[in-house]
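What follows is one structure encoded as structure tokens, with my remarks underneath.
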Amino acid sequence: MTVTVAVLGTGIMGRPMAANLAKAGLAVRAWNRTTAKAEPLREQSVEVGESVTEVVRGADFVLTMLADGEAVRAAYDEAKGAVAEHAVWLQMSTVGLRWTDDLAALAGAAPFVDAPVLGTKQPAEQGKLIVLASGPDELRGKCAPVFDAVGARTIWVGTEPGAASRLKLVANSWVLALTNATAEAVALADALDVDPDLFFDAISGGPLDAGYAHVKGKAMRTGEYPASFTAANALKDIRLVLEAAGDRADLGGAAAALAHLKTVVDAGHGDEDMAALYRAVAKS
């Protein structure tokens with residue numbers, strides 16, 4: 001029997017994920033608060049619904065990929081009465097620890113898997129995300145066709161919701177601190193009259209190298225920031241990181257990224273790629 005997946009949220013990440021699920025032969029229905037954002041999926045054999053209840057009714061999986069915990073809760077609250085008893089809720093948005101607990105409680109006795117992903121727009125389009133999953137052992141095989149369709153690999157972190165989200169926050173702290181450190185290196189090079197390209201050449205191929213730094217550094221050097229992951233979403237994520245850390249760790253790199261992201265988002269650049277935090281780092 002064909003597995004049916006209801007995808008709630010078709011933004012930068014959700015839309016290519018839905019397309020890859022359909023490409024893998026799964027029956028896919030999609031919903032987005034702004035329906036027009038989901039419409040292009042019709043050309044990729046995805047059924048687009050006008051309402052959440054229409055999309056989730058009878059589905060084997062309900063996959064949420066929305067901006068934040070509040071948006072996920074609102075969508076699932078609306079859908080809950082129509083969700084099939086056997087359906088597995090794959091909560092793949094990055095919502096932090098408090099919201100993950102709240103959403104798991106909302107699921108009640110229904111199967112729930114905490115499954116945020118590592119990767120941005122291009123890996124999502126290529127089906128090469130890294131899925132971080134935590135949930136009951138008996139769901140691993142059942143979830144495999146969905147996770148394999150959107151990701152290059154799946155890392156099962158534990159059996160309780162929250163384990164995967166904790167790992168995601170650790171990874172996000174590194175990604176955002178690295179992006180901020182790249183911006184600072186480029187800005188310092190400019191301040192010292194050093195060609196920033198020499199910096200990237202110097203680290204290339206050695207133990208200091210990071211492909212991510214080259215990608216984000218190119219955007220910073222050109223001043224063009226097409227969104228792979230928006231500054232607004234990055235700001236949300238770094239706040240979740242710092243909230244989770246509390247006073248148990250001094251995350252200076254994350255705090256710097258927060259300050260710079262807030263500056264650029266407040267200045268109206270929230271829809272640009274998170275590399276746009278360079279705007280707040282560079283003084284000229």
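Residue indices begin at 1 and follow the sequence shown. What you see is a predicted model, and the numbers here were worked out from it, not measured in a lab.
Between Asp77 and Lys80 no salt bridge is recorded (no basic side-chain N to carboxylate O distance below 4.0 Å). Under the 4.0 Å criterion applied to side-chain N and carboxylate O atoms, Arg42 and Glu39 are assigned as salt-bridge partners. The pair Asp273-Lys216 meets the salt-bridge criterion, with a side-chain N (NZ, NE, NH1 or NH2) lying under 4.0 Å from an Asp/Glu carboxylate O. Between Arg166 and Glu160 there is no salt bridge, since no side-chain N of the basic residue sits under 4.0 Å from a carboxylate O of the acidic one.
The aromatic rings of Phe112 and Trp89 stand perpendicular to each other, their planes meeting at an angle above 60°, with 30° marking the opposite boundary.
More than 12 heavy atoms of other residues, nucleotides or ligands sit less than 6.0 Å from atom CG of Asp195. Environment of CG in Asp250: sparse, with no more than 12 heavy atoms of neighbouring residues, nucleotides or ligands closer than 6.0 Å. Around atom CD of Gln126, more than 12 heavy atoms belonging to other residues, nucleotides or ligands sit under 6.0 Å away. More than 12 non-hydrogen atoms from other residues, nucleotides or ligands lie less than 6.0 angstrom from CD of Glu138. The local environment of NZ in Lys142 is crowded, with over 12 non-hydrogen atoms from other residues, nucleotides or ligands closer than 6.0 Å.
Using a 4.5 Å cut-off on side-chain heavy atoms (C-beta onward), Val241 and Leu258 make no contact. Side-chain contact between Gln91 and Tyr76 is absent, with no heavy-atom pair separated by less than 4.5 Å. At a threshold of 4.5 Å between non-hydrogen side-chain atoms, the residues Leu97 and Thr100 do not count as touching. Within the 4.5 Å cutoff, no side-chain heavy atoms of Ile155 are placed close to those of Phe147. Two residues are said to be in side-chain contact when any heavy atoms from C-beta on lie closer than 4.5 Å; Val46 and Val7 fail this criterion. Side-chain contact check for Asp209 versus His214: some heavy-atom pair is nearer than 4.5 Å. Put simply, the side chain of Tyr225 does not reach to within 4.5 Å of the side chain of His269, judged on heavy atoms. Contact check for Glu184 versus His260: side-chain heavy atoms found under the 4.5 Å cut-off.
Rounding to the nearest 0.5 Å gives a distance of 8.5 Å between CG of Leu240 and CG of Asp68. Taken from CG in Asp197 to OG in Ser204, the straight-line distance is 11.5 Å, to the nearest 0.5 Å. A distance of 6.5 Å separates CD of Glu54 from CD of Glu47, quoted to the nearest 0.5 Å. Here CG of Leu178 is found 12.0 Å from CG of Asn172. Values are rounded to the nearest 0.5 Å. To the nearest 0.5 Å, the span separating NZ on Lys168 from CG on Leu118 amounts to 6.0 Å. Atom CE of residue Met65 and atom OG1 of residue Thr94 lie 6.5 Å apart, to the nearest 0.5 angstrom.
Side-chain atoms of Asn20 come within 3.5 Å of backbone atoms of Ala124 as a donor-acceptor pair (strictly under, hydrogens ignored). A side-chain donor-acceptor contact under 3.5 Å links Asn32 to the backbone of Thr10. Looking at Ser93, its side chain does come within 3.5 Å of a backbone N or O of Thr64 through a donor-acceptor pair. Side-chain atoms of Arg73 never come within 3.5 Å of backbone atoms of Trp99 as a donor-acceptor pair (strictly under, hydrogens ignored). Checking side-chain atoms of Asp114 against main-chain N and O of Ser134 turns up no donor-acceptor pair under 3.5 Å. A side-chain donor-acceptor contact under 3.5 Å links Lys236 to the backbone of Ala67.
By the criterion of side-chain heavy atoms lying less than 4.5 angstrom apart, applied directly or through intervening Ile, Leu, Val, Met, Phe, Trp or Tyr residues, Tyr278 is not grouped with Tyr212; the two fall into different hydrophobic clusters. With hydrophobic clusters built from ILVMFWY side chains whose heavy atoms lie under 4.5 angstrom apart, Phe229 does not share a cluster with Leu132. Hydrophobic clustering (side-chain heavy atoms under 4.5 Å, transitive across Ile, Leu, Val, Met, Phe, Trp, Tyr) groups Val117 together with Val5. A single hydrophobic cluster is seen to contain both Leu90 and Met17, as judged by linkage of ILVMFWY side chains at heavy-atom distances under 4.5 Å, directly or through other members. Criterion: ILVMFWY side-chain heavy atoms under 4.5 Å apart, direct or through other members. Under it, Phe61 and Val83 are not part of a common hydrophobic cluster.
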Stepwise side-chain contact (heavy atoms from CB on, under 4.5 Å) check, Met13 with Met92: CA-CA 10 Å; Met13 301 292 288; Met92 304 188 76; over 6 Å; no
Criterion side-chain contact (heavy atoms from CB on, under 4.5 Å) on Asp190 and Arg221, from CA distance to verdict: CA-CA 10 Å; Asp190 282 335; Arg221 294 301 298 135; 3.6 Å; yes
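A pairwise comparison of heavy atoms in Gly151 and Val131 identifies CA-CG2, 4.5 Å as the closest pair. Considering all non-hydrogen atoms of both residues, Leu139 and Pro111 come closest at CD1-CB, 3.9 Å. Thr230 and Asp271 make their closest contact through CG2-O, 3.9 Å (heavy atoms, listed as atom of the first residue, atom of the second, distance). In plain terms, the two heavy atoms of Thr120 and Ser228 that are nearest each other are OG1-OG, 2.9 Å. Between Ala30 and Val55 the shortest heavy-atom distance is O-CG2, 3.5 Å. In plain terms, the two heavy atoms of Val113 and Ala133 that are nearest each other are CG1-CB, 4.3 Å.
Each of Val3, Thr4, Val146 was scored for a side chain to side chain contact (heavy atoms under 4.5 Å, CB included) with Leu21, with one residue passing: Val146.
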